[in-house]
Each structure stands twice: as structure tokens, then as C-alpha cells.
Visitor: 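Encoded as C-alpha cells, here's the structure I'll be asking about.
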Amino acid sequence: MNLIRSRTLQVVAGTFVLIGLLLWLFPSLLGTQLLRASWQYLFYEIVFYGFVAVPLFRCNTLIDVLRVAGISLAYRLSIGALFGLAVSALYAMDFQVAMTLALASYVPGVAVQIVLTPLALLPVLRQVTPRGRGARSLPRREPTYAAPPESTHAPFPGLPTRDKNNLTESHPRPKDVHQPEVPLMHARAVAESSPVTVAGDLNGFDRVVRYIAEHGSVYFAAVIDQEGLLLANYHRGKIDPQDLAPLAVMFFEWNRAVLDKGRLGEAEKIDITLKEKRLILGRIGDRCMMVMSERQADDLLNIRINQGLDMLKKYVAERYGAGRQTEVEKTYV
């Protein structure tokens, strides 16, 4: 009820402003001549409302265009009638003559009515056009969080090995269940300032990816090793993580060749803005983090990415530090 009352008050206020502007202009002709009332001018007015309905209210069907044109025409004639009554009362003019001037003959007044009518009816027309209906019926995105596939490549000697248990499910599945149990992640529609909760059975790579993917603008997030293999990933839509993962390593290798020529050192973070998307890459040691999001993502995503890099750095240092590296090297001796 409060929303309907607010829109009604907006339309009423716009109506009073419009009539006040018309009375301020009257009776100045501003270089024009009085016109005779004609159905031809009424047709031109309907065509104008139809052209305005397409860009302003995103009307893509003839029914929506006619609905906007009909409402606008009815409102414009009502404004003209009120303007005619005011002119007849204030200037002691014949009622029929005043109504003819207000509705069709007084060119400056009619032009102002036609041009400002769509703006005065914005609160109403947005609720009866696809733009308003789309805002109310926008479906909630429910992307899924995909577990990283188990790699079949054998690790090279001297490199830290990944724990196989971290890439498989920690709970046994029932024999009669054939579909994998994939945890769902819902895109947040609220501010990203609330604390993050993650399941206790996720490893550090999964935690980093899941933390970043909780931002609703993220299409793809992954942690990738030096071979271009996925350690953890999240994606939604038509994105193949296996195809994107090697690109993270290639981006840093190609940039290294350019930066070495200028003796600028190695890149730690790369931010690329595309036509409709945004690509952010970060590097911690031999591991890369890759995030693809909407181009207009807010600054909260940057904060999450920086925090995710800190989480990745801490996890790599704890799990693959100097002590762990020595233990791995001994297994190959």
C-alpha cells in the first residue's frame, strides 16, 4: 500500500507541475500559430508515444507499445481538460473555446503536454511494461559448486604432491545413489560484508575458491598449479574449467617475457577488462588463482580477491612450506 501511495503521489505532483507550467506559458504563442483540431495530429501523437515506449520502457511487442501509447494519450487528454478548465476560469473565456485551445489548438501547450507526459507517468508505465515486470520476476541464480576433477598426471620429482584425499569425497556414498553429491552455492543479493561460513571438510584451495565465488558476479573461479591443472574450481554457465585453467599459467609466462625486457620483475596480479567480462589473475609461488566475473563488478569483489590471495598464500605456506618440501623430496630418493 505504501508503494502504491508513493507512486500515486508522484503522478499527482507531476500533474500539478505540468499544469502550472502550461498556465505560465499561456497565452504566449512563441512564434507559432493556432491549429485546427484534426485526427491526423492525434495519430502523430500516438506514433510519438510508441517510439518513446521502445527505448524508455523496453517494449518489444506491439501490445506493450499500444498499452503505453493508450495510457499516455488518456493522461494527456486529461491534462488538457484540466488545463482548459483552468484557462476558462482564470481568463473568463468561453468554455468550448478554452477546451479547444487546451486540447489541440494552442501549439506550445500541446507540445509541452505531449513531451512531458511519458516523464510524468514514469512510476505507472514502469509497472505495466517489460522493464518493470522483468525487475519483479527476475529469477534467482543458483550456480553450482563443482568439485575439482582428479588429475591422472603423475607428479614430477622434487615437486609437492597433492593429497588425493582432498580431491575426493570424504564421506562414502550409498550404493544406490548414482548422482554425485555437489554442494550448492547461492549467489548473494545482499551486501558482501557478512562473515563467510565454509564446510569443515574442504581443503584450503576449495575454501579460497568458495569464498570468492560467493560474490554474485563471479562466473568462474579456480586455483591452478604450475602445470595448468585444476586444484579447485567453481563455474556457472557455459564455461569449461579444463579449457580455461592452462590460460592462467600462459598469461603469466607471456607477461614475464615482456617484463624481463624492461627489468620490471614478475607480475603478481593481472587485471584484464573485456567487452562484457572481467578477468583477474593472481599468483602465489607456483599456484595461480583465476577469476572471471561481470564487467561491472563492484569493489567488494576486489576485496574478496585480495583476501583470497592472502588465504591461498597462508595455506600454501602451511601445507607446502620448506619442511613439507623436504619430506616430498625424500620420497623420490
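The figures that follow rest on heavy atoms only: side chains count, while hydrogens, waters and symmetry mates do not.
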Visitor: Does Arg283 use its side chain to pair, donor to acceptor, with the backbone of Glu266 at less than 3.5 Å?
Guide: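 Answer holds: no.
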Visitor: Is Ile270 close to Asn255 at the side-chain level, that is, under 4.5 Å between some pair of heavy atoms?
Guide: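 Answer yes - side chains close enough.
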Visitor: Examine Leu119 and Leu21 and state if one hydrophobic cluster contains both, with Ile, Leu, Val, Met, Phe, Trp and Tyr joined whenever side-chain heavy atoms are less than 4.5 Å apart.
Guide: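 Result: yes, single cluster for both.
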Visitor: If hydrophobic clusters are built from ILVMFWY residues whose side chains come within less than 4.5 Å, do Val11 and Leu22 share one?
Guide: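 Yes.
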Visitor: If I compare all heavy atoms of Ala222 with all of Leu230, which pair ends up nearest, and what's the gap?
Guide: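 Result for this residue pair: CB-CD2, 3.8 Å.
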Visitor: Could Arg207 and Tyr315 be counted as a cation-pi pair, given that NZ or CZ must be under 6.0 Å from the ring centre and within 45° of the axis?
Guide: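 Cation-pi check for Arg207 and Tyr315: fails.
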Visitor: For the atom pair CG (Asn203) and CZ (Arg319), what is the distance rounded to the nearest 0.5 Å?
Guide: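 Going from the CG atom of Asn203 to the CZ atom of Arg319 covers 7.0 Å.
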Visitor: Do other residues, nucleotides or ligands put more than 12 heavy atoms under 6.0 Å from Lys269 NZ?
Guide: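 Above 12, so yes.
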Visitor: When you group the ILVMFWY residues by side-chain heavy-atom contacts below 4.5 Å and let the links chain together, are Ile71 and Leu42 in the same group?
Guide: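 Same cluster: Leu42 reaches Ile71 through Ile, Leu, Val, Met, Phe, Trp or Tyr contacts under 4.5 Å.
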Visitor: Hey, could you give me the CG/OH distance between Leu125 and Tyr49, rounded to the nearest 0.5 Å?
Guide: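 It is 10.5 Å, given to the nearest 0.5 Å.
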Visitor: Side-chain heavy atoms nearer than 4.5 Å, only ILVMFWY residues, links allowed to pass through others: does that put Ile63 and Val47 together?
Guide: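 No, separate clusters.
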Visitor: Kindly write out the residues that satisfy salt bridge (charged side-chain N to carboxylate O under 4.0 Å, His left out) with Arg295, not counting sequence neighbours, or none if the list is empty.
Guide: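 Here no residue qualifies.
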Visitor: Is the side chain of Thr117 donor-acceptor paired with the backbone N or O of Ser72 at a distance under 3.5 Å, no angle test?
Guide: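 Not a single qualifying donor-acceptor pair exists.
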Visitor: Are the charged groups of Asp64 and Arg67 less than 4.0 angstrom apart, N to O?
Guide: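 Between Arg67 and Asp64 there is a salt bridge, with a charged N closer than 4.0 Å to a carboxylate O.
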Visitor: Look at the side chain of Ser88 and the backbone N and O of Asp94, then say whether any donor-acceptor pair between them is shorter than 3.5 Å.
Guide: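 No; zero donor-acceptor contacts below 3.5 Å.
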Visitor: Check residues 246-254 and write down every donor-acceptor pair under 3.5 Å in which the side-chain atom is one partner and the other belongs to a residue at least two apart or another chain.
Guide:
none

Visitor: Given the rule in the side chain to side chain donor-acceptor pair (under 3.5 Å) test, do Tyr106 and Thr100 qualify, once you have shown the distances and angles that lead to the verdict?
Guide: CA-CA 8 Å; Tyr106 179 52; Thr100 302; over 6 Å; no
Visitor: Check Gly14 against Tyr75 and note the closest heavy-atom contact, atom names and distance.
Guide: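 Between these two residues, the closest heavy atoms are C-OH, 4.3 Å.
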Visitor: Not counting sequence neighbours, which residues clear salt bridge (charged side-chain N to carboxylate O under 4.0 Å, His left out) with Asp271? List them please.
Guide: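 Counting only residues at least two positions away or on another chain, Asp271 forms a salt bridge (charged side-chain N to carboxylate O under 4.0 Å, His left out) with Arg278.
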Visitor: Rounded to the nearest 0.5 Å, what separation is found between the CD1 atom of Ile305 and the OH atom of Tyr211?
Guide: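 The distance works out to 10.5 Å.
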Visitor: Can you hop from Leu101 to Tyr91 via hydrophobic side chains spaced under 4.5 Å?
Guide: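 Yes, it is one cluster - the side chains of Leu101 and Tyr91 are joined through contacts under 4.5 Å.
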Visitor: Classify the side-chain pair His235/Asp240 by whether it contains a donor and acceptor separated by less than 3.5 Å.
Guide: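 Asp240 and His235 do not have a side-chain donor-acceptor pair below 3.5 Å.
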Visitor: Test question: given the 4.5 Å side-chain rule for I, L, V, M, F, W and Y, name all other residues clustered with Leu66, or answer none.
Guide: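 Result for Leu66 is Leu62.
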Visitor: Nearest 0.5 Å please: distance from the CG atom of Leu281 over to the SG atom of Cys288.
Guide: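 Answer rounded to 0.5 Å: 7.5 Å.
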Visitor: Table please: side-chain donor-acceptor pairs of residues 76-86 below 3.5 Å, with sequence neighbours left out.
Guide:
| unit_1 | atom_1 | unit_2 | atom_2 | d |
| --- | --- | --- | --- | --- |
| Arg76 | NE | Glu45 | OE2 | 2.9 |
| Arg76 | NH1 | Leu103 | O | 3.0 |
| Arg76 | NH1 | Gln113 | OE1 | 3.4 |
| Arg76 | NH2 | Glu45 | OE1 | 3.0 |
| Arg76 | NH2 | Leu103 | O | 3.4 |
| Ser78 | OG | Ala74 | O | 2.9 |

Visitor: Has Leu274 got more than 12 heavy atoms of other residues, nucleotides or ligands less than 6.0 Å from its CG?
Guide: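 Atom CG in Leu274 is crowded, with more than 12 foreign heavy atoms closer than 6.0 Å.
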Visitor: Within a 6.0 Å radius of atom CD on Gln307, are there more than 12 heavy atoms belonging to other residues, nucleotides or ligands?
Guide: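 For Gln307, atom CD is crowded (more than 12 foreign heavy atoms under 6.0 Å).
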Visitor: When Ile, Leu, Val, Met, Phe, Trp and Tyr are grouped by side-chain heavy atoms lying under 4.5 Å apart, directly or through other members, which residues fall in the same group as Val65?
Guide: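 When side chains under 4.5 Å apart are linked, the cluster holding Val65 also contains Val54.
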Visitor: Can you tell me how far apart CG (Leu244) and CD1 (Ile224) are? Round to the nearest 0.5 Å.
Guide: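 If I round to the nearest 0.5 Å, the distance is 8.0 Å.
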Visitor: Is there a donor-acceptor pair under 3.5 Å between the side chain of Ser28 and the backbone N or O of Leu30?
Guide: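 Side chain of Ser28 to backbone of Leu30: no pair is present.
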Visitor: Heavy atoms only: give me the nearest Leu34-Leu29 pair and the separation to one decimal.
Guide: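 Shortest heavy-atom contact: CD2-CD2, 3.8 Å.
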